[in-house]
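Some notes on the structure that comes next.
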There are 2 protein chains.
Amino acid sequence: MATCKITEFHQEQKKRMRSVQDAMDALNGKWKIAIISSICCYGKRRFSDILNDVEGVSNRMLSKELKELEINELITRTVLPTQPVTVEYQLTEHGNTLQTIITELSDWGVVHRKKIAGR
Amino acid sequence: MATCKITEFHQEQKKRMRSVQDAMDALNGKWKIAIISSICCYGKRRFSDILNDVEGVSNRMLSKELKELEINELITRTVLPTQPVTVEYQLTEHGNTLQTIITELSDWGVVHRKKIAGR
DNA sequence: CTGAATCCAGATGGATACTG
DNA sequence: CAGTATCCATCTGGATTCAG
């Protein structure tokens with residue numbers, strides 16, 4: 001609504017852009033939000049469960065994006081001493097702070113879709 | 001903080017995921033946030049100006065992403081009757097509703113960077 | 001069960017040159 | 001000035017197979 005009314009492209013502005021980019025980097029990838037949603041939804045979730053929840057994802061991509069989420073400390077990975085091995089994933093506290101943003105993105109997405117396609 | 005405590009992967013949940021995806025689709029691309037920030041910052045902005053603001057973007061990509069933003073009705077494109085031609089871009093009302101989200105993403109990005117790199 | 005490895009097609013994006 | 005066109009290297013991601 002209010003424009004920024006700045007006459008130069010401030011450092012401030014660049015920092016802001018960098019921060020947004022940092023956030024986007026952590027969330028980019030075709031499946032990350034869906035994966036987070038799946039885990040969040042159940043609290044804990046196993047590899048094969050997420051594979052089923054997230055429609056269309058391949059084990060290759062699931063593996064890759066889970067790894068990235070773990071590196072970003074958004075989820076934890078726990079190997080259970082079963083035979084054969086099972087692995088549980090869950091959100092970290094930090095990962096849980098994403099829920100606000102995901103909700104907002106979801107809300108905006110609804111408005112946006114109506115705006116664009118009227119569906 | 002609160003997990004969803006649901007025992008099945010509801011339609012509700014899938015809708016949510018789809019909405020988030022719709023939002024992400026509108027914002028994806030390496031430069032979109034930066035482009036929006038540049039335009040927002042000045043209210044109106046010309047092609048070559050944005051090209052300067054957004055460090056690293058090529059005219060090819062700028063053109064492409066501006067076009068996508070326009071399709072998503074986030075910005076408007078106005079050709080001015082000058083010689084040679086100049087073009088002004090500005091945020092639509094709908095585009096302005098993104099500012100909340102961008103701010104939140106930025107805030108989360110700051111926390112996230114501290115968390116990950118301690119910078 | 002949970003991945004890693006390989007192969008491969010298609011998308012992405014930079015550099016450069018060109019047009020109205 | 002504001003793009004478009006072309007070439008080309010790299011990245012992405014699906015399908016399939018293999019391994020602990």
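Just so we're on the same page: letters track the sequence lines, and every chain starts at 1.
To the nearest angstrom, C1' of D:dG13 lies 13 Å from CD1 of A:Ile35. Residue B:Leu62 contributes atom CG, which lies 14 Å from atom P of D:dC1 at whole-angstrom precision. We find that CD of A:Glu65 is positioned 10 Å from P of D:dT12, with the value rounded to whole Å. Per the geometry, CD belonging to B:Glu88 stands 13 Å off C1' belonging to D:dC1, to the nearest Å. The interatomic distance linking B:Ile50 (CD1) with D:dA2 (P) rounds to 9 Å, in whole Å. Distance CD1 (B:Ile75) to C1' (D:dA2): 14 Å, rounded to an integer number of Å.
Taking the six-membered ring where the residue is Trp, B:Trp108 and A:His94 present parallel rings, their angle staying beneath 30° rather than reaching 60°.
Residues B:Glu88 and B:Arg45 are not paired through a salt bridge, judged by the lack of any N-O separation under 4.0 Å between the basic side chain and the carboxylate.
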Listing time: all N or O pairs from protein to nucleotides 14-16 of chain D that are below 3.5 Å?
unit_1: D:dG14; atom_1: OP1; unit_2: A:Lys30; atom_2: NZ; d: 3.1
unit_1: D:dG14; atom_1: O6; unit_2: A:Arg60; atom_2: NE; d: 2.9
unit_1: D:dG14; atom_1: O6; unit_2: A:Arg60; atom_2: NH2; d: 3.4
unit_1: D:dA15; atom_1: N6; unit_2: A:Arg60; atom_2: NE; d: 3.4

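With 3.5 Å as the limit, one finds no donor-acceptor pair spanning the side chains of A:Asn72 and A:Glu68.
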Checking A:Glu93 against A:Thr97 for the side chain to side chain contact (heavy atoms under 4.5 Å, CB included) test, could you report, in this order, the C-alpha distance in whole Å, the side-chain angles of both residues, the deciding distance, and whether it holds? CA-CA 7 Å; A:Glu93 255 185 62; A:Thr97 65; over 6 Å; no
Between A:Glu65 and A:Lys30, is a salt bridge (Lys or Arg N to Asp or Glu O under 4.0 Å) present by the stated rule, with each step listed? CA-CA 9 Å; A:Glu65 305 223 321; A:Lys30 207 169 171 179; over 6 Å; no
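Mapped onto DNA chain D by nearest heavy atom, A:Lys64 and B:Val85 fall at different nucleotides, with B:Val85 at the one closer to the 5' end.
Running 5' to 3' along DNA chain C, contacts with non-hydrogen atoms of chain A at under 4.0 Å begin and end at C:dC1 to C:dT6.
Shortest non-hydrogen contact noted between B:Ile71 and A:Ile116 is O-CD1, 4.0 Å.
No path of Ile, Leu, Val, Met, Phe, Trp and Tyr side chains, each step under 4.5 Å between heavy atoms, connects B:Val110 with B:Ile101, placing them in separate hydrophobic clusters.
Dense packing is recorded around NZ of B:Lys14, with more than 12 heavy atoms of other residues, nucleotides or ligands lying under 6.0 Å away.
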